[in-house]
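Nothing here was measured: the structure is a model prediction, and the numbers come from that model.
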Amino acid sequence: MRPRILKSQTPEFRKFLGAILARRGADGAGIDRIVSKIIAEVRKRGDRALIDLTAKFDGVKLTAATIRVTPAQRRAAINRIGAEDRRALELAARRIADFHRRTMERSFIYRDKSGMRLGQMVQPMRRVGIYVPGGLGAYPSSVLMNAIPAKVAGVAEIVMVSPPSREGERLAVLAAAEIAGVDEFYRVGGAQAVAALAYGTDTIKPVDKIVGPGNAFVQAAKRLVYGGVDIDKMAGPSEVVVIADDRARPEWIAADLIAQAEHGSGDETAMLLTTSARIAERVAEAVEAALKSLPRARQVENALAKRGAMVIVRDLDEAFELANEIAPEHLELEVRNPSRWIAKVKAAGAVFLGPLTPAPLGDYLAGPNHVLPTGGAARFASPLGAYDFLKRTSIIEASRGAIAALGPVVAHLARMEGFEGHARAMELRAGMTPALGVKKKKRAPAVRG
């Protein structure tokens, strides 16, 4: 198939863009109803529900004894994968850990002008769950990207769930779990795995936070259990937007569009924004040629037919305006001096600078996380990082001087809101008489410090 070519100022393009943006408000009520029943079943029947639902959805028969992957099985997988596979996983693990150490937040404390000590205590969560997709594929990279930031943050217990395969163990996934420092690994997936992580069963103890990508049912389950546990973000189909000028290499751009469109859901977004009609034509030709020998050509064709396009824009300023409106998961800048354009980027999960930096480099071992906001969420969300596994506690310690300076103001503010009890609690510390404070309203003193 030949990808469509559009011009940015046409009604046809605005209709196409509207379909892309409409994903943000997609109705998931039908999925939510199904997932709610699955969650209720897991809460009621625990391990028995996990066993029955795994047989139903994954075609794998588990027992209470085989739900858990043993530490010995994980360790054995390290020696059963090829030496080159192990070296690749270990290199990726080192690079991911090195990057995420730099994302750590630190505790702090200081004394302000009033004499009050203020600060924030930053601590790792105790127990977190990571979801690693399965189905037809094996994703050791997802293991590394989810588990290593948690390990860097100092999480005490990292619990991994991933659906089993009818073909047997995914050795690369088991090996990645061992390399990443996963503490517990369970052969369950889907909404039922999310429910088990959130509420617990006889075998799986509940966690404090659930992270990781998954299909629409997994994402719905994460959304429905939020509040009882924390979650990272709602992960959707993969997205890439490439901004290119007239010097870009068409074959490289075509390869990058295909790379993000081959995930298989059919809802991936792969878009080129270019100032050059010639480049748009040549990229479309290159995509068409590459698909003739691609193993997953059908999946790519489906995605490109739905959410793929080569778009000719007036200039690079318009290209960045459109990219910011889309807020893509991956944004590639295949333009001259890409660094000078970074300031134009206001919403993207990850930015890849220059023709030598394709999105797959970030997918596997550049270092930054490949768990990125999708569906326009880059307008307000960030990549997964070690900071996602930290919790913050405020620290406040008042001195007599601080109470003398600020106490009357606190009492005044409390009465402004109608909370007399708050005001009296403050006035007692300040040596004021609460009863007098009620009868006579005094002007609040100026805040010092």
So does Arg86 pair up with Glu90, basic N to acidic O under 4.0 Å?
yes
Between the main-chain N or O of Arg336 and the side-chain N or O of Arg247, is there a donor-acceptor pair closer than 3.5 Å?
no
For Asp98, which of Arg102, Arg94, Arg95 qualifies under salt bridge (Lys or Arg N to Asp or Glu O under 4.0 Å)?
Arg102
Output the distance between atom NZ (Lys151) and atom CG (Leu144), rounded to the nearest 0.5 Å.
13.0 Å
For a 4.5 angstrom cut-off between non-hydrogen side-chain atoms, does Ile38 reach Phe57?
yes
Carboxylate-amine/guanidinium proximity below 4.0 Å for Asp58 and Arg166
no
Pair Leu333-Phe352, side chain to side chain contact (heavy atoms under 4.5 Å, CB included): steps then yes or no:
CA-CA 6 Å; Leu333 306 186; Phe352 301 82; over 6 Å; no
Trace of the side chain to side chain contact (heavy atoms under 4.5 Å, CB included) decision for Tyr186 with Thr66
CA-CA 8 Å; Tyr186 299 97; Thr66 59; over 6 Å; no
Counting N and O atoms only, with roles assigned by atom type, does the side chain of Asn215 sit under 3.5 Å from a partner on the main chain of Val218, one being a donor and the other an acceptor?
yes
Short N-O contact, Asp232 and Lys209, less than 4.0 angstrom:
no
Would you please say whether a donor-acceptor pair under 3.5 Å links the side chains of Thr203 and Asp47?
yes
When rounded to the nearest 0.5 angstrom, what distance separates CG in Leu50 from CD1 in Ile204?
5.5 Å
Ionic contact status for Asp208 with Lys391, cut-off 4.0 Å:
no
With a 4.5 Å limit on heavy-atom distance, are the side chains of Met116 and Arg111 in contact?
no
Is a donor on one side and an acceptor on the other found under 3.5 Å between the side chain of His412 and the backbone of Pro408?
no
Does Arg68 have more than 12 heavy atoms from other residues, nucleotides or ligands lying within 6.0 Å of its CZ?
yes
I'd like to know whether Gln120 forms a side chain to side chain contact (heavy atoms under 4.5 Å, CB included) with Ile395, so could you lay out the CA-CA distance, the side-chain angles of the two residues, the decisive distance to 0.1 Å, and finally the verdict.
CA-CA 5 Å; Gln120 188 175 78; Ile395 300 171; over 6 Å; no
Going by heavy atoms in the side chains, are Val35 and Lys222 under 4.5 Å from each other?
no
Do other residues, nucleotides or ligands put more than 12 heavy atoms under 6.0 Å from the OH atom of Tyr364?
no
Applying side chain to side chain contact (heavy atoms under 4.5 Å, CB included) between Met160 and each of Val173, Leu197, Leu174, report the one that passes.
Val173
In terms of side-chain geometry, is the basic nitrogen of Glu105 or Arg392 positioned less than 4.0 Å from the acidic oxygen of its partner?
yes
Backbone N or O of Ala425 within a donor-acceptor pair of the Arg429 side chain at under 3.5 Å?
yes
Charged N to carboxylate O below 4.0 Å: is that the case for Asp52 and Arg45?
yes
Do the non-hydrogen side-chain atoms of Met125 and Asp230 ever get within less than 4.5 Å of each other?
yes
Once you round to the nearest 0.5 Å, how far does CG of Asn369 lie from CZ of Phe99?
8.5 Å
Once rounded to the nearest 0.5 Å, what's the spacing between atom CG of Leu361 and atom CD of Glu332?
10.0 Å
Return yes when atom NE2 of His422 has more than 12 non-hydrogen atoms of other residues, nucleotides or ligands closer than 6.0 Å, and no otherwise.
no
Where do Ala386 and Val152 come nearest, in terms of heavy atoms and distance?
CB-CG1, 4.2 Å
Examine distances only and state if a side-chain atom of His330 and a backbone atom of Glu239 form a donor-acceptor pair shorter than 3.5 Å.
yes
Candidates Leu273, Val240, Val241 - the one meeting side chain to side chain contact (heavy atoms under 4.5 Å, CB included) with Leu331:
Val241
Side chains of Glu329 and Ser238: donor-acceptor distance under 3.5 Å anywhere?
yes
I'd like to know if the side chain of Asp245 and the backbone of Val335 have a donor-acceptor N/O pair within less than 3.5 Å.
no
Would you call Glu427 and Arg415 a salt bridge, using N to O less than 4.0 angstrom?
yes
Any donor-acceptor N/O pair, Arg74 side chain to Val182 backbone, under 3.5 Å:
yes
For the backbone of Ile81 and the side chain of Asp85, can you confirm whether one donor and one acceptor N or O come within less than 3.5 Å of each other?
no
May I have the step-by-step check of salt bridge (charged side-chain N to carboxylate O under 4.0 Å, His left out) for Asp317 and Lys344, ending in yes or no?
CA-CA 8 Å; Asp317 285 329; Lys344 292 277 188 180; 3.0 Å; yes
Parallel under 30°, tilted from 30 to 60°, perpendicular over 60°: which one fits the rings of Phe108 and Tyr110?
parallel
Could you please spell out the steps behind the side chain to side chain contact (heavy atoms under 4.5 Å, CB included) verdict for Val132 and Val161?
CA-CA 6 Å; Val132 175; Val161 293; over 6 Å; no
Residues Asp112 and Arg117 bridged, charged N to O under 4.0 Å
no
With distance as the sole test, does Asn324 use its side chain to make a donor-acceptor pair with the main-chain N or O of Ala347 at under 3.5 Å?
yes
Salt bridge Glu268-Lys306, side-chain N to carboxylate O under 4.0 Å
no
Rounded to the nearest 0.5 angstrom, the CG-CD1 distance for Asn337 and Ile342 is 11.5 Å
Residue pair Glu318 / Ser8, side-chain donor-acceptor N/O under 3.5 Å:
yes
Thr275 and Leu316, any side-chain heavy atoms less than 4.5 Å apart
yes
Which of Val242, Ile258, Thr274 passes side chain to side chain contact (heavy atoms under 4.5 Å, CB included) with Ile253? Answer is Val242
Heavy-atom donor-acceptor pair, Glu334 side chain to Gly354 backbone, under 3.5 Å
no
Nearest 0.5 Å, please: how far is CZ in Phe389 from CE in Met104?
11.5 Å
